[in-house]
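Below is one structure, written out as structure tokens, with a few remarks after it.
Positions are given from 1 along the sequence.
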Amino acid sequence: MIKKLAVFIVAFLVVSFLYFSLVYLIGLLLQEMGIALYDSESDQQRNFNVVLGVWLAVSVGAGVWRIKKNS
């Protein structure tokens, strides 16, 4: 049980780091290209919520997938 929890946490953290690195690099690239991702504060909040929702789904999914792969 502890091993499965450790595997989940490690997978969650690794995927989280990779995800936020990718999102950050995409943001830098779009900024350099002069592309605006939002026009108002509500657009900015919506984008933030989408990024957090996708991050949570991807990270939890990766953790669960890794546990099932190890079993």
Side-chain angles (χ1 to χ4, degrees):
M1 181 66 177
I2 296 294
K3 181 181 176 188
K4 285 185 179 184
L5 182 60
V7 167
F8 177 84
I9 290 172
V10 168
F12 184 91
L13 292 175
V14 167
V15 170
S16 293
F17 176 76
L18 293 174
Y19 178 79
F20 282 115
S21 297
L22 179 66
V23 168
Y24 183 76
L25 291 174
I26 289 171
L28 284 177
L29 179 65
L30 292 175
Q31 183 180 2
E32 287 299 318
M33 293 171 51
I35 298 173
L37 295 176
Y38 53 88
D39 293 325
S40 65
E41 190 174 336
S42 64
D43 287 347
Q44 182 182 13
Q45 184 64 45
R46 183 200 64 231
N47 292 347
F48 179 76
N49 291 340
V50 168
V51 167
L52 283 184
V54 172
W55 159 72
L56 188 59
V58 168
S59 296
V60 168
V64 169
W65 174 77
R66 192 65 188 151
I67 287 173
K68 289 186 181 213
K69 187 176 178 186
N70 277 358
S71 294

side-chain contact (heavy atoms from CB on, under 4.5 Å) involving N47 - partner list, sequence neighbours excluded:
L37, Y38
For residues 56-68, run the donor-acceptor check on the side chains, cut-off 3.5 Å, and write out each pair with its distance to 0.1 Å, sequence neighbours left out.
residue : atom : partner : partner atom : Å
S59     : OG   : S16     : OG           : 3.1
S59     : OG   : W55     : O            : 3.0
S59     : OG   : W55     : NE1          : 3.2

Side chains of residues 18-34: which donor-acceptor partners sit under 3.5 Å, not counting sequence neighbours?
residue : atom : partner : partner atom : Å
Y19     : OH   : V51     : O            : 3.1
S21     : OG   : F17     : O            : 2.8

In Å, rounded to the nearest 0.5 Å, how long is the span from CD of Q44 to CG of N49?
10.5 Å
Applying a strict under-4.5 Å side-chain criterion to I, L, V, M, F, W and Y, I'd like to know whether V15 and I9 cluster together.
yes
